[in-house]
Every structure is written in structure tokens, then in C-alpha cells.
Amino acid sequence: MSTKRQLRLGAFLMSSGHHVAAWRHPDARADGGLNFEHFRQIARTAERGKFDMIFFADGVAVRQRGQGTEALSRSVTVHFEPLTLLSALSVVTEHIGLAATVSTTYNEPYHLARKFASLDYLSGGRAGWNLVTSATEAEAYNFNREKHMEHTLRYERAKEFVEVVTKLWDSWEDDAFLRDKESGIFFEPDKMHIPNHKGKHFSVRGPLNVARPPQGYPVIIQAGSSEDGQELAAQTAEVIFTAQQTLEEAQVFYSGVKARVAKYGRNPDHVKIMPGVFPVIGRTEEEAKEKYEQLQELIHPQVGLGLLAGMIGGFDLSKYPVDGPLPELPETNGGKSRQQLLTELARRDNLTIRQLYLAIAGARGHRTILGTPATIADQLENWFVNGGADGFNIMPPYLPGGLDEFVDLVIPELQRRGLFRTEYEGQTLRENLGLPRPVNKFSAVATSPEPLAVASPA
């Protein structure tokens, strides 16, 4: 195949790994969530593998695992705040992108714009923002609320939130700051733009007290596959993280989102779709299966049941037989697309509640691949060349070993096939992803070829 189109790879990093029992693995760092040396090591490993970015998910609460405290007491519950961590990692890395989740539901646009602009400067243009709307009641309780904001309203707020953030990033033109000691002029007044935004959810005057980020905007990532999520992504996102179980499902999602992107007058090539993949790697297929079973045997039943309950919207499963079918579920106000995905998986494969929580304990609704480096590369290549993905968000089962194996064994196979870079193409995350730098929307000479904030249908 042509080497012109290259896979994009993110390293999706959890404290000890993605498997719900990863912290119990004999080679995992059980204290990884609050161990900077651990994260320094795995960030540099990902950079050695030429990953586009490392990525941290986040939530602003300790998430309850089912009913009571037993499952919670057996789960990883603490970790660094991600922007603080990424700021520290910017000093010990040189090329890899630094991306994190920050919610539009429990933050204010000015705070977020300021922090990500600062991270972009600290890293030399490597910041990425994963835009989410939060999904749990637990987060609401920490922010003066007794109930989580309704799903549709969360996305309405998110749409305006992005509009405000991008206006703030455009507060200054790229060459606004002269810093001329002789004349005493620090910046050119006509190159400062006050957003003065007034909308339904936000009133923000501006300007931002950080100069325009090196990338123009940090790369905007979105991770929601509901109808509202896809619409928001089509209007605003440059990278989309998604969970898909089969190539056919991935192809439908891929073509559908790319069509939506075009509907908003944007170039579909400027939106990279990256499904999550949970790879378990062995020298043989049998060894990969043994590694997977080793992790599965570490799952406490209450932890598995609690994980499933949380992912289907906080529905209490304790009164249902664990070896019986998944009951009909009420519509959730949390993660709608993930509830739908898990319900469809249970019905399609005729899984019991126990079988379903065992099936998602590693990938948590994303795709699990067991195999040798060659067979794992085969499956990634199949999705990539057949319209299922522009790349993948790799979810190591445990850390650091799961990432070490992918970098040392799978990356060379992808490079041998001409599917993945051997050196970074540029200095910024945008350059490495092949994304254009956005033009300042306030500039008198701005002639952006596509809308990069909230757009109206063409």
C-alpha cells in the first residue's frame, strides 16, 4: 500500500493500566496514579515508539462502583489532575503530544482556555484538549448540584463553551507582542481582540491573559458517540476517540461522521477518527490468551459488577442474578452511546451479566485484540485500509509492561509495512497529525478555508 497515508496512534494511559484489575498484576505499578517517575517512564516509552500523543482521561469525582463500598475499596480511586501532570511531562519529553480530558460541564471557558494555552507554550505546541460533557452524578455532587445536568443541555452548553474558548485563544493575533524596549510598546493595540461573548450559558468579556497558543488552538479532541456527541464532534473536533466493536460498526461510524464533517463545510481529512484498542500481545496466540486470562482471574466479582453498573448509567444490577441476562435498562442521563454499545453486545452475543462484565473488564467497551505482533498489526491494518479508522487509541492492559510490548513488538511491524512513521514529521502535535493551523477569526485578513469553531450547516 501507499505510505502517504499513515496511521495515527495515541497512548491512552491509566494509572496502572486499562484492565480493571491491572493494579493487582505482579508487574504493574499499584501506586502508578500518584507516581511521577512511573508516568515519566511511560511517556518517554511512548515517545520512543513515535506515538502521536499520550492521553489521560479524567473525571472530577471518585466514581462509585456499584452499591456499597466493597467494590470501591478494591478499585483504583486516586490519580493526578491531568493538566498538572502533563505540564511536568512537557519538560521530560520533546516530540509527543500531550492530551487530556477536561469537562465543559464542571469548568468555565476562561479557566480552560488559559490552562491549555499555557500547556501549549510549556510544551512547544504539543497540547490537546479532549472535550467531554461529564457523565456521572458523582461529579455533580462536587459542584453544588444535586443532579447531573440533562444530556441535551450538557451538549448545548458544550457547543457554546467551545465557541467561547476559541474566541479567547484568538484574543491576540500571532504577532501582537512587539516587546520593543526602545519604544516602550509591549503589544500593538489593534492586534488585541476582546471577545465580549454574551450567550445563553456564558458571559465572558476577555481578552485572555495568555498570548495566542503556538498551535493557534491546542488540538481539539472529542470522545462522544451519541447523536449529540457526533454532531458536536462534526462541528468542533479534529480528533475523535470512539468505541467500536466490529469493522462493520466502525465503517458506519467513520463514514457517517466524515459526512457530517463535510456538511459543516469542513475538510473530512482534517478530522482523525481513532477507535480504542486493548491489545494483549504474546509470542504465540496461546501465550496472549494466557496473559489475558491471568488478568481476568484477578477481577473481584463486586468490582466487575460495579464497573458494568457504572458504564450502563449507574443502574443497580445487584438484585438481578449474575448468571442471568442483562435486564432492560432505563434511558441514562450519563454516557448514552456506551450504554447502547454494551446492551447491543450483550444481546448480540447472548451474554449473562457476569460474562458481560468479564468481556468489558479490560477494554471497557472498546475492542480487545489478543495475538502476536503480526496478527495485531493485521487487524489494525485491516481497519485502517478498509474505512474503519484513521488510527487508534492504544489502551495497554497494564503498565508499564503493556506499553513496552506494544512499542517493542507491534510498532516495528507497523513500520515494516509502511503504515507508521519512523521519525516525527514536525515539532507540534498539529504538524505530526497532519492538521492545519487555524487562522485567527478576529484578524482583518482572516480567510480560513474551513470553520474551526462552532459552525452552521452549509
Can a donor-acceptor pair be found between the side chains of [X] and [Y] at a distance below 3.5 Å?
{"X": "Glu287", "Y": "Thr284", "value": "no"}
{"X": "Tyr217", "Y": "Asp170", "value": "yes"}
{"X": "Thr242", "Y": "Gln244", "value": "yes"}
{"X": "Thr101", "Y": "Asn130", "value": "yes"}
{"X": "Glu285", "Y": "Thr375", "value": "yes"}
{"X": "Ser90", "Y": "Ser123", "value": "no"}
{"X": "Gln245", "Y": "His366", "value": "no"}
{"X": "Arg126", "Y": "Gln427", "value": "no"}
{"X": "Ser87", "Y": "Thr84", "value": "no"}
{"X": "Glu231", "Y": "Tyr264", "value": "yes"}
{"X": "Asp120", "Y": "Gln215", "value": "yes"}
{"X": "Glu37", "Y": "Gln41", "value": "no"}

Looking only at non-hydrogen atoms, find the nearest pair between [X] and [Y] and report the distance.
{"X": "Leu429", "Y": "Met53", "result": "CD1-CB, 4.2 Å"}
{"X": "Ala158", "Y": "Leu131", "result": "CB-CD2, 4.3 Å"}
{"X": "Tyr155", "Y": "Ser226", "result": "OH-OG, 4.1 Å"}
{"X": "Leu208", "Y": "Tyr110", "result": "CA-OH, 3.5 Å"}
{"X": "Ala46", "Y": "Ala11", "result": "CB-CB, 4.2 Å"}
{"X": "Ala363", "Y": "Thr368", "result": "CB-OG1, 3.4 Å"}

Quiz prompt | Stepwise salt bridge (charged side-chain N to carboxylate O under 4.0 Å, His left out) test for Arg44 and Glu47 | solution = CA-CA 5 Å; Arg44 294 181 73 168; Glu47 187 166 71; 5.9 Å; no

Side chains of [X] and [Y] in contact at under 4.5 Å (non-hydrogen atoms):
{"X": "Arg417", "Y": "Asp378", "answer": "yes"}
{"X": "Trp383", "Y": "Phe392", "answer": "yes"}
{"X": "Glu156", "Y": "His151", "answer": "no"}
{"X": "Phe420", "Y": "Val410", "answer": "no"}
{"X": "Val165", "Y": "Trp129", "answer": "yes"}
{"X": "Glu238", "Y": "Leu433", "answer": "no"}
{"X": "Thr45", "Y": "Asp404", "answer": "yes"}
{"X": "Glu431", "Y": "Glu425", "answer": "no"}

Quiz prompt | Worked verdict on Gln230 versus Phe253 for side-chain contact (heavy atoms from CB on, under 4.5 Å) | solution = CA-CA 9 Å; Gln230 290 185 54; Phe253 181 85; 3.8 Å; yes

Gap between atom [atom2] of [Y] and atom [atom1] of [X] - 0.5 Å precision:
{"X": "Ile394", "Y": "Leu380", "atom1": "CD1", "atom2": "CG", "value": "5.5 Å"}
{"X": "Ile221", "Y": "Asn393", "atom1": "CD1", "atom2": "CG", "value": "8.0 Å"}
{"X": "Ser16", "Y": "Arg29", "atom1": "OG", "atom2": "CZ", "value": "9.0 Å"}

Could you check whether [Y] and [X] have their ring centres less than 6.0 Å apart?
{"X": "Phe39", "Y": "Phe56", "value": "yes"}
{"X": "Phe36", "Y": "Phe80", "value": "no"}
{"X": "His18", "Y": "Phe12", "value": "yes"}

Quiz item: For Arg114, does the CZ atom sit with more than 12 other heavy atoms under 6.0 Å from it, leaving out its own atoms?
Solution: no

Quiz item: Are more than 12 heavy atoms from other residues, nucleotides or ligands located less than 6.0 Å from atom CZ of Arg348?
Solution: yes

Between [X] (side chain) and [Y] (backbone), is there a donor-acceptor pair under 3.5 Å?
{"X": "Arg430", "Y": "Gly125", "result": "no"}
{"X": "His197", "Y": "Gly206", "result": "no"}
{"X": "Arg74", "Y": "Ala21", "result": "no"}
{"X": "Glu160", "Y": "Phe202", "result": "yes"}
{"X": "Thr372", "Y": "Ile281", "result": "no"}
{"X": "Gln296", "Y": "Leu358", "result": "yes"}

I'd like to know if [X] pairs up with [Y] as an ion pair, taking the criterion as any Lys NZ or Arg NE/NH1/NH2 lying under 4.0 Å from an Asp or Glu carboxylate oxygen.
{"X": "Glu227", "Y": "Arg260", "result": "yes"}
{"X": "Asp175", "Y": "Arg212", "result": "no"}
{"X": "Glu405", "Y": "Lys291", "result": "yes"}

Quiz item: With a cut-off of under 6.0 Å to the ring centre and 45° to the axis, is Arg5 in cation-pi contact with Phe384?
Solution: yes

Exercise. Start with the C-alpha gap between Lys115 and Glu81, add the side-chain angles, then the distance that decides, and say whether salt bridge (charged side-chain N to carboxylate O under 4.0 Å, His left out) holds.
Key: CA-CA 12 Å; Lys115 290 175 181 178; Glu81 186 283 316; 6.0 Å; no

Exercise. Applying side-chain contact (heavy atoms from CB on, under 4.5 Å), run through Gln6 and Leu419 and close with a yes or a no.
Key: CA-CA 5 Å; Gln6 297 277 292; Leu419 293 169; 5.9 Å; no

Practice problem: Please work out whether the ring planes of Tyr106 and Phe143 are parallel, tilted or perpendicular, with thresholds of 30° and 60°. | Solution: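 Answer is parallel, since the angle falls under 30°.
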
Quiz item: Which one of Asp390, Asn267, Asp269 satisfies the side chain to side chain donor-acceptor pair (under 3.5 Å) criterion with Lys258?
Solution: Asp390

Practice problem: Walk me through it: do Lys50 and Glu423 pass the test salt bridge (charged side-chain N to carboxylate O under 4.0 Å, His left out)? | Solution: CA-CA 7 Å; Lys50 313 302 179 186; Glu423 295 295 339; 3.5 Å; yes

Practice problem: Would you sort out whether Lys167 and Asn196 count as a side-chain contact (heavy atoms from CB on, under 4.5 Å), showing the intermediate values? | Solution: CA-CA 9 Å; Lys167 284 179 179 178; Asn196 201 25; over 6 Å; no

Quiz item: Picking from His25, His38, His19, what satisfies ring-ring contact (aromatic ring centres under 6.0 Å, His included) with Tyr398?
Solution: His25

Practice problem: Let me see the working for Phe278 and Tyr292 under side-chain contact (heavy atoms from CB on, under 4.5 Å), right down to the final yes or no. | Solution: CA-CA 11 Å; Phe278 176 90; Tyr292 182 65; 4.0 Å; yes

Quiz item: Of Leu414, Leu9, Asp52, which meets side-chain contact (heavy atoms from CB on, under 4.5 Å) against Arg421?
Solution: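 With Arg421 as partner, Leu414, Leu9, Asp52 yield a single side-chain contact (heavy atoms from CB on, under 4.5 Å), made by Asp52.
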
